[in-house]
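For reference, the structure is listed below as structure tokens.
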Amino acid sequence: MEDLAELEQPNILDEPLHGIYIPSCLFLAGIAITTYLSGALQILLALPIFFAFVGYRAYAAYQRKISIRSDKWSSLELVDQTVVSKNTAIYRFNLKTSFETLDFDPGRHLMVKVPIDGGHEIRYYSPISPNFAKGYFDIMIKSYPEGQVSKYFASLKPGQLVDFKGPVGNFNYTTNSSKSLAIVAGGTGITPILQILNEIITTPEDVTKISLIYANDTENDILLKEELDEMAEKYPYFDVHYVLRTPPDNWSSSIGLITQDLMEGFLPDSSDDNRLLICGPEGMNSSVLAYAKNLGWKVTGEASKGDDQVFVF
Ligand SMILES: Cc1cc2nc3c(=O)[nH]c(=O)nc-3n(C[C@H](O)[C@H](O)[C@H](O)COP(=O)(O)OP(=O)(O)OC[C@H]3O[C@@H](n4cnc5c(N)ncnc54)[C@H](O)[C@@H]3O)c2cc1C
Ligand SMILES: *[C@@H]1O[C@H](CO)[C@@H](O)[C@H](O)[C@H]1NC(C)=O
Ligand SMILES: *[C@@H]1O[C@H](CO)[C@@H](O)[C@H](O)[C@H]1NC(C)=O
Ligand SMILES: *[C@@H]1O[C@H](CO)[C@@H](O)[C@H](O)[C@H]1NC(C)=O
Ligand SMILES: *[C@@H]1O[C@H](CO)[C@@H](O)[C@H](O)[C@H]1NC(C)=O
Ligand SMILES: CC(=O)N[C@H]1CO[C@H](CO)[C@@H](O)[C@@H]1O
């Protein structure tokens, strides 16, 4: 999978240096010399050609380079899908050039539009590939038996096109802006959290501590458990605690739903240096918000704004 992007050679003329700046300089130098030799008349003939050329190259490079925009839909090609649990897969899409990165800020997501029954449906998905990934991005989607869009994704074949817009969302994150992040995630709500984890772990000067409670129904529903455990092992500032509603016999972590005691025990306190991030199904985020209020977090009761101490995705 990794090699695909490398095999595809970018068109060297798509890069501004080769496609615009160098030809422009050569062209201008040519004009200067001929003008010097044969008078101003040449300029009148040459300049329109020059501007048409530069304009065309700039427009073509711009069109190719920005694969995903927030103001218009782009159709991008599915490269492959990797099954990660009974009903969840990671879908990889090609960007339009192999040297482009998606480069969303942590906590921003993609808007997806798919055709359903002669109309269309719009949903949101968080990219989970690292920001430095060139030429592609990954999204992880859990299929629900009755889920219109997630079922559509499960039926896609490599080579098919899907419409994307982005980035959307307003969560603000900057290096060291909090001492500790308290995070509560449920089910596929882990995806925006993965982006933030990736950002912090790949930024060596970021010393933010992260404590994550991740709730699910069964062990099989815990998405990317191995990756999370590995990150927790490698990165001393990151801890993860799992909660299962229906655990297996050998389960030694918490059982049931998320409780206020659990939050108090595993998450940093509600001081001004810390933030609480919540991302899960409706039932989960409303009970977690109520506990958070009791624990002293600044719960606004409205849609979250970028810098709120308590942010609900
Ligand atoms: C900011 C944001 C980021 C998101 N990122 C991701 C992501 O990275 N990966 C991902 O898989 N999803 C993500 N989601 C959820 C996603 O947008 C869809 O809601 C989800 O894929 C279900 O859509 P659907 O059309 O398949 O189901 P619908 O047709 O909308 O729903 C059909 C049935 O599925 C059930 N259902 C739907 N969603 C859930 C759920 N989360 N938990 C339990 N039951 C559910 C409903 O109760 C309903 O019965 C994100 C949502 C938001 C708002
Ligand atoms: C973050 O904090 C660490 C430790 O205090 C410091 O070394 C680093 O320079 C800080 N980085 C930024 C971008 O503030
Ligand atoms: C419990 O047992 C199952 C099956 O034997 C195994 O896959 C799983 O990793 C175990 N879980 C824990 C928490 O030890
Ligand atoms: C809780 O999560 C759901 C589903 O992800 C979302 O639609 C809802 O807006 C969230 N609740 C709050 C209070 O933000
Ligand atoms: C943070 O978010 C708010 C509200 O979404 C926005 O107005 C503000 O400009 C953002 N700040 C930064 C530094 O990005
Ligand atoms: C996808 C999934 O299994 N979601 C569940 C994970 O656990 C939370 C909390 O128990 C449930 O609310 C979700 O429905």
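Ligands are counted one by one from 1 in listed order, and the atoms in each one are counted from 1 as well.
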Phe137 and Phe104 aromatic centres sub-6.0 Å: no
Closest to atom 41 (N) of ligand 1 by heavy-atom distance, out of Phe313, Tyr144, Tyr124, is Tyr144
Atom 4 (C) of ligand 3 protein-contacted, heavy-atom criterion under 4.0 angstrom: no
>> Any nitrogen or oxygen of Lys151, side chain or backbone, less than 3.5 Å from one on ligand 1?
In response: no
So the atoms of ligand 1 within less than 4.0 Å of a heavy atom of Glu146 turn out to be 29 (O), 32 (C)
task = Output yes when a protein non-hydrogen atom is found under 4.0 Å of atom 11 (N) of ligand 3, and no otherwise.
result = yes
Taking only non-hydrogen atoms of His109 and a 4.0 Å limit, the atoms of ligand 1 in range are 1 (C)
Counting heavy atoms under 4.0 Å, the part of Val149 that contacts ligand 1 is both
Any side-chain heavy atom of Lys151 within less than 4.5 Å of one from Ser143? no
request  = Begin from the C-alpha positions of Lys298 and Asp272 and carry the test salt bridge (Lys or Arg N to Asp or Glu O under 4.0 Å) through to its verdict.
outcome  = CA-CA 9 Å; Lys298 296 193 188 80; Asp272 285 345; 2.7 Å; yes
Is any N or O atom of Asn176, backbone or side chain, closer than 3.5 Å to an N or O atom of ligand 2? yes
Atom 9 (O) of ligand 3 has as its nearest protein heavy atom Glu219 OE2, 3.9 Å
Think Lys134 forms a cation-pi with Phe99, using NZ or CZ under 6.0 Å from the six-ring centre and within 45 degrees of its axis? no
Whether Pro192 lies under 4.0 Å from ligand 1, heavy atom:
no
Checklist entry - Would a line drawn from the ring center of Tyr125 to the ring center of Phe153 be shorter than 6.0 Å? => result yes
Short version for Tyr125: what comes under 4.0 Å of ligand 1, heavy atoms counted, is both
At under 4.0 Å between heavy atoms, what of Gln148 touches ligand 1? The answer is both
Kindly say whether Tyr173 contributes a backbone atom to a donor-acceptor pair with the side chain of Ser177 at under 3.5 angstrom? no
Closest heavy-atom approach to atom 28 (P) of ligand 1 among Gln195, Glu282, Arg123 is made by Arg123
State, yes or no, whether a side-chain contact exists between Tyr152 and Pro115 at a heavy-atom distance under 4.5 Å. yes
The answer for which part of Glu121 has a heavy atom under 4.0 Å from ligand 1 is neither
Can you confirm whether something in the protein, heavy atoms only, sits under 4.0 Å from atom 7 (O) of ligand 2?
no
Looking at Asn250, Asn220, Ile222, the heavy atom closest to atom 14 (O) of ligand 3 belongs to Asn250
query = Should Ile139 be listed as contacting ligand 1, given a heavy-atom distance under 4.0 Å as the test?
reply = no
